[in-house]
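Notes to accompany the following structure.
Chain identifiers are assigned alphabetically (A, B, ...) following the order of the sequence lines, protein sequences preceding nucleic acid strands; residue numbering begins at 1 within each chain. These figures come from a predicted structure and were not determined experimentally. Quick note: numbers below take in every heavy atom, side chains included, and nothing from hydrogens, waters or symmetry partners.
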Amino acid sequence: MHEVLKTSFFDRPTLVVARELLGKDLVRILPSGEVVRMMVNEVEAYDGPEDRACHAFRGRTKRTDVMFGPAGRIYVYFVYGMHWMLNIVTGPKNYPAAILLRGAGDIVGPARLTKALSIDGTLNCLPADAETGLWFEDASRQIDLSSILATPRIGVDYAGKEWAEKPYRFVLKNE
DNA sequence: TAAGTGATCTCT
DNA sequence: GAGATCACTTAA
């Protein structure tokens, strides 16, 4: 049986959650009522007030507020004037961290993902559950550690060498 | 490789 | 209020 991932799954160290999210299912109820399910295969961790690449590095603002909230909430933001980004908040309350969903199923690219799943700002701050229409499930797949690739994050050069180079991006290799 | 696009944040 | 920036995508 596929179990819905609860707050307790996300309320753990961000890097651990990021790795374990690979191979899980992202489930979305589209506005049309159609249910889409796809396996998460690419994520990035944004972990805490020290992480210069994390939006919350500059403190708590209206935009980053949700990252300080309890784990398991959805963080969606708009960037480059046209793209929505989907994140899931991790870690304890008042610890700003989240995981960016970059790819799932055969969709590669964070903005393509949100476009394909009709995800926009209306989902921001909502809990990831069936009522919201967007949640994660454990599909009981065995993910071998050797099939996980860790690389630097994409598009975060502004964070400075030290933080831009951290291997916080996790990719599930094909097959 | 660069243009497109607009919310957000940091100055005045 | 003005200006810069930006966790990207697409078309060349």
Side-chain angles (χ1 to χ4, degrees), chain A residues 5 10-24 26 28 30 36 38-92 94-128 132 134-136 148-173:
Chain A
L5 297 185
F10 297 102
D11 192 1
R12 296 182 297 152
T14 310
L15 294 176
V16 172
V17 179
R19 279 187 293 256
E20 292 191 16
L21 207 50
L22 293 174
K24 299 291 190 290
L26 170 60
R28 168 71 170 148
L30 297 176
V36 182
M38 36 200 208
M39 186 184 74
V40 176
N41 53 34
E42 183 178 347
V43 298
E44 277 179 8
Y46 288 86
D47 189 24
E50 305 289 306
D51 184 354
R52 299 185 74 93
C54 182
H55 286 162
F57 172 71
R58 295 182 187 286
R60 191 169 188 156
T61 66
K62 194 176 174 189
R63 180 215 213 182
T64 61
D65 195 57
V66 60
M67 293 183 93
F68 289 80
R73 293 278 188 80
I74 295 166
Y75 169 37
V76 179
Y77 69 91
F78 193 63
V79 77
Y80 294 122
M82 50 181 84
H83 302 304
W84 292 103
M85 300 285 130
L86 170 64
N87 304 250
I88 184 75
V89 175
T90 61
N94 294 319
Y95 181 84
I99 296 168
L100 170 67
L101 277 287
R102 297 190 59 93
D106 42 14
I107 303 193
V108 179
R112 290 181 182 169
L113 194 63
T114 54
K115 190 178 176 195
L117 297 180
S118 290
I119 290 165
D120 63 22
T122 59
L123 294 175
N124 195 34
C125 301
L126 297 177
T132 299
L134 178 67
W135 69 96
F136 294 89
I148 295 179
L149 190 65
T151 83
R153 292 170 290 187
I154 307 291
V156 295
D157 286 348
Y158 65 87
K161 200 169 193 290
E162 182 189 352
W163 287 96
E165 289 184 351
K166 286 200 182 291
Y168 280 9
R169 170 172 175 255
F170 301 99
V171 183
L172 198 55
K173 291 187 242 174

(request) Would you name the heavy atoms of A:Phe170 and A:Ile148 that are closest together and state the gap between them? (result)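 Looks like CD2-CG2, 4.2 Å.
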(request) Compare the aromatic ring of A:Tyr46 with the six-membered base ring of C:dA7 and state whether they stack according to the 5.5 Å and 30° rule. (result) yes
Whole-Å distance separating the [atom1] atom of [X] from the [atom2] atom of [N]:
X: A:Arg112; N: C:dA7; atom1: CZ; atom2: C1'; answer: 16 Å
X: A:Phe57; N: B:dT10; atom1: CZ; atom2: P; answer: 11 Å
X: A:Tyr80; N: C:dC8; atom1: OH; atom2: P; answer: 5 Å
X: A:Leu101; N: C:dC8; atom1: CG; atom2: C1'; answer: 15 Å
X: A:Met82; N: B:dT5; atom1: CE; atom2: P; answer: 6 Å
X: A:Arg102; N: C:dT9; atom1: CZ; atom2: C1'; answer: 12 Å
X: A:Trp84; N: C:dT9; atom1: CH2; atom2: C1'; answer: 16 Å
X: A:Arg52; N: C:dC6; atom1: CZ; atom2: P; answer: 12 Å

(message) Less than 4.0 angstrom between a side-chain N/O of A:Arg169 and OP1 or OP2 of C:dA7, yes or no?
(response) no
(message) Check the phosphate of B:dT8 against A:Arg58, side-chain N and O only, distance under 4.0 Å to OP1 or OP2. Yes or no?
(response)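 Negative; the distance criterion is not met.
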To the side chain of [X], which of [options] is closest?
X: A:Phe78; options: B:dA7, C:dC8, B:dC9; result: B:dA7
X: A:Tyr158; options: C:dT10, C:dA7, B:dG4; result: C:dA7
X: A:Asn87; options: B:dG6, C:dT9, C:dA7; result: C:dA7
X: A:Thr61; options: C:dT9, B:dC9, C:dC6; result: B:dC9

(request) Return yes if the base of C:dA7 and the side-chain atoms of A:Tyr77 contain a donor-acceptor N/O pair under 3.5 Å, otherwise no. (result) yes
(message) I'd like to know if A:His55 reaches the base of C:dA7 with its side chain, counting only an N/O donor and acceptor under 3.5 Å.
(response)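 Yes, the side chain and the base share a sub-3.5 Å donor-acceptor pair.
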(request) Tell me what A:Arg153 touches on the nucleic acid: a base, only sugar-phosphate, or nothing, going by heavy atoms under 4.0 Å. (result) nothing
(request) Using a 4.0 Å heavy-atom cut-off across all strands, classify A:Ala159 as base, sugar-phosphate, or nothing. (result)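 Contact class for A:Ala159: none.
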(message) Just so I know, are the side chains of A:Lys166 and A:Asp51 near enough to count as touching, which here means a heavy-atom distance under 4.5 Å?
(response)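 Result no, sub-4.5 Å side-chain heavy-atom pair not found.
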(request) Would you check if A:Pro110 and A:His83 make a side-chain contact, meaning some heavy-atom pair closer than 4.5 Å? (result)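 Of all side-chain heavy-atom pairs linking A:His83 with A:Pro110, none is under 4.5 Å.
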(message) Only pairs with both distances under 3.5 Å count, Watson-Crick or wobble alike; so what is the partner of B:dA3 in this structure?
(response) C:dT9
(message) I'd like to know if the side chain of A:Glu44 reaches the main chain of A:Ile154, judged simply by a donor and an acceptor atom lying under 3.5 Å from each other, with no hydrogens or angles considered.
(response)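 Confirmed, A:Glu44 side chain pairs with A:Ile154 backbone.
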(message) Quick check against the 3.5 Å criterion: does A:Thr132 have a side-chain atom that pairs as donor or acceptor with the backbone of A:Leu134?
(response)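 Not a single qualifying donor-acceptor pair exists.
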